[in-house]
2 protein chains.
Amino acid sequence: MSQPASQRSTGAESFFDDAVEQLRAAGLRVTPQRRAILELFDHRHTHMTPQGIFEALQQQVSSLSLATVYNSLEVFEEIGVLNRVCAKDGQAYFDPNTQPHQHAVCQRCGEIFDIQIPSSKLDGLVQSLCPAAVTNGDFEIDSVDIWLKGLCSNCQ
Amino acid sequence: MSQPASQRSTGAESFFDDAVEQLRAAGLRVTPQRRAILELFDHRHTHMTPQGIFEALQQQVSSLSLATVYNSLEVFEEIGVLNRVCAKDGQAYFDPNTQPHQHAVCQRCGEIFDIQIPSSKLDGLVQSLCPAAVTNGDFEIDSVDIWLKGLCSNCQ
DNA sequence: TTCGTTGCAAATTGTTTGCACCCGC
DNA sequence: GCGGGTGCAAACAATTTGCAACGAA
């Protein structure tokens, strides 16, 4: 199958290049720290916590501050380079996949996986939930967040 | 419509009575503090945070400790009297509805509403998601967590 | 009377903030 | 050089824990 292009409106090649471009477009600076965080997401294309990012980087980036990691992640979220994902463990995970998608969490290892649900299927779901779905009268549904819970292939 | 019975295997009358019965059945003590928390859930049948419960009760229950609230909630969760619900705001909410159900969150006021989705419909959804839904090969789906995001009737 | 529970305060954990110094543009 | 960014340490917020006193069974 053809790999889905993950670029945004800018049309850059990779996640990293695209992110740098969006930083510049927003008038923000491309610092070594931000570069390092983006490169990390470019290599491991997974969901990571601020703490995890910090630990992964403090070896290579001398004197990196956890506060800077938080700061950068917030910036990345604001310009749409990363998505903040709040898992049930109370921690914030950041996701380089900014396309609409859903998640599956392994109940044993805690790893978060992306799920691509065709928007048509999702729309159908929302439609089927709409009528009298919410107990308290009419609730105007804006979006749907689906979390599958179970076991990943490694933990089964 | 007939109101759905919310009792568990014990067959008690109200949420409060049922909860007390389950406490005793588990060999745990029914203290004034635990009673107060259960009564609060019995009156306001909604989702509450530990802090919110504490604030609601410290007026009537002299010298109630926040630690006790946390402690009691953990006990209630363990014996199946309450469900812990982790919302996106990072806070833990506790839900007296222990039947399988889904949630809708108002993006403005933050209130959490229960949604009753027929299990047949939910099964259908899982079925439709199962085949090749998860990017990383086979993921063994155990349960599904659905969060509708939007505006409640009050905030529209 | 006994042992589960409570209250308090201190410890943890995740995240934010204030501020002087630094460096990308 | 300017002004945004960084690092550090302190501040916060949510939650947990240690321990002596307490009280439900």
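The sequence lines fix the lettering, A, B, ..., with proteins before strands; numbering per chain opens at 1. These figures come from a predicted structure and were not determined experimentally.
The two atoms that bring A:Pro50 and A:Phe94 nearest to each other are CG-CE1, 4.0 Å, heavy atoms only. Of all the heavy atoms in A:Ala26 and A:Ile79, the pair that sits closest is CB-CG2, 3.9 Å. Taking both residues in full, the closest heavy atoms of A:Pro96 and A:Leu82 are given as CA-CD2, 3.6 Å, listed atom of the first, atom of the second, then distance. Heavy-atom minimum distance, A:Thr98 versus A:Val81: CG2-O, 3.4 Å. Taking all atoms of both residues into account, the shortest heavy-atom contact from A:Pro118 to A:Gln116 is CD-O, 3.8 Å.
The distance from the CD atom of B:Glu140 to the CD atom of A:Gln156 is 4.5 Å, given to the nearest 0.5 Å. Distance check, rounded to the nearest 0.5 Å: CG of B:Leu148 to SG of B:Cys106 gives 12.0 Å. The CD atom of A:Gln58 sits 12.5 Å away from atom CD1 of A:Ile53, with the distance rounded to the nearest 0.5 Å. B:Ser143 OG to A:Gln107 CD: the interatomic distance, rounded to the nearest 0.5 Å, is 6.0 Å. Of the inter-residue distances, the one linking B:Asp95 atom CG with B:Met48 atom CE reads 10.0 Å to the nearest 0.5 angstrom.
For DNA chain D, the residues of residues 57-74 of chain A within the heavy-atom distance limit of 4.0 Å (strictly under) are A:Ser63, A:Leu64, A:Ser65, A:Ala67, A:Thr68, A:Asn71, sorted by number. Within residues 49-56 of chain A, no residue has a heavy atom under 4.0 Å from DNA chain D.
Separating the CD atom of A:Glu77 from the C1' atom of C:dT16 is a distance of 15 Å, rounded to the nearest angstrom. The distance from atom CD1 of B:Ile79 to atom P of C:dG4 is 16 Å, rounded to the nearest whole Å. Between the CG atom of B:Asp89 and the P atom of D:dT15 there is a distance of 9 Å, given to the nearest Å. The interatomic distance linking B:Arg84 (CZ) with D:dT16 (C1') rounds to 11 Å, in whole Å.
Close to D:dG7, at under 4.0 Å from its OP1 or OP2, lies a side-chain N or O of A:Gln33.
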Look for any protein N or O under 3.5 Å of an N or O in nucleotides 21-25 of chain C and output each such pair with its distance, or none.
from, atom 1, to, atom 2, distance (Å)
C:dG24, N2, A:Arg29, NH2, 2.8
C:dC25, OP1, A:Val30, N, 3.1

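Residues B:Asp114 and B:His47 bring a donor and an acceptor atom of their side chains to less than 3.5 Å of each other.
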